[in-house]
Amino acid sequence: MSHLFFLYFACVIVVTSVLVVALRNPVYSALSLLIMFFHVAGLYVTLHAEFLAAVQIIVYAGAILVLYL
């Protein structure tokens, strides 16, 4: 079951990473980046690294994305 979660998170991370680079509108690119950050945090949770997931959400999704916008 954990392999399915890993494959889901990995596929979404790859697709949204491509969308961050490919989209021309910076707002859509930032939203794709936000989705990618949340899925990376979910990937950390599946690896039992809850602290890294919390840091991923707080620092990257909270601070860096706000600075980007």
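The figures here come from the full heavy-atom set of this structure, side chains too, leaving out hydrogens, waters and symmetry mates. Keep in mind the model is a prediction, meaning the values are calculated, not measured. The residues of the chain are indexed from 1 along the displayed sequence.
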Determine all donor-acceptor pairs shorter than 3.5 Å in which one atom belongs to a side chain in residues 53-65; sequence neighbours excluded.
none

Sequence neighbours excluded and cut-off under 3.5 Å, please list the side-chain donor-acceptor pairs for residues 31-43, or say none.
residue, atom, partner, partner atom, Å
Ser32, OG, Tyr28, O, 3.1
His39, ND1, Ile35, O, 2.9
His39, NE2, Tyr8, OH, 3.1

Give every donor-acceptor pair under 3.5 Å between a side-chain atom in residues 11-22 and any protein atom, sequence neighbours left out.
residue, atom, partner, partner atom, Å
Thr16, OG1, Val12, O, 2.8
Thr16, OG1, Ile13, O, 3.3
Ser17, OG, Ile13, O, 2.6

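Both Phe9 and Leu4 are part of a single hydrophobic cluster, where members link through side-chain heavy atoms under 4.5 Å apart.
Remark: Tyr44 engages no residue in a ring pair (Phe, Tyr, Trp, His ring centres under 6.0 Å) (not counting sequence neighbours).
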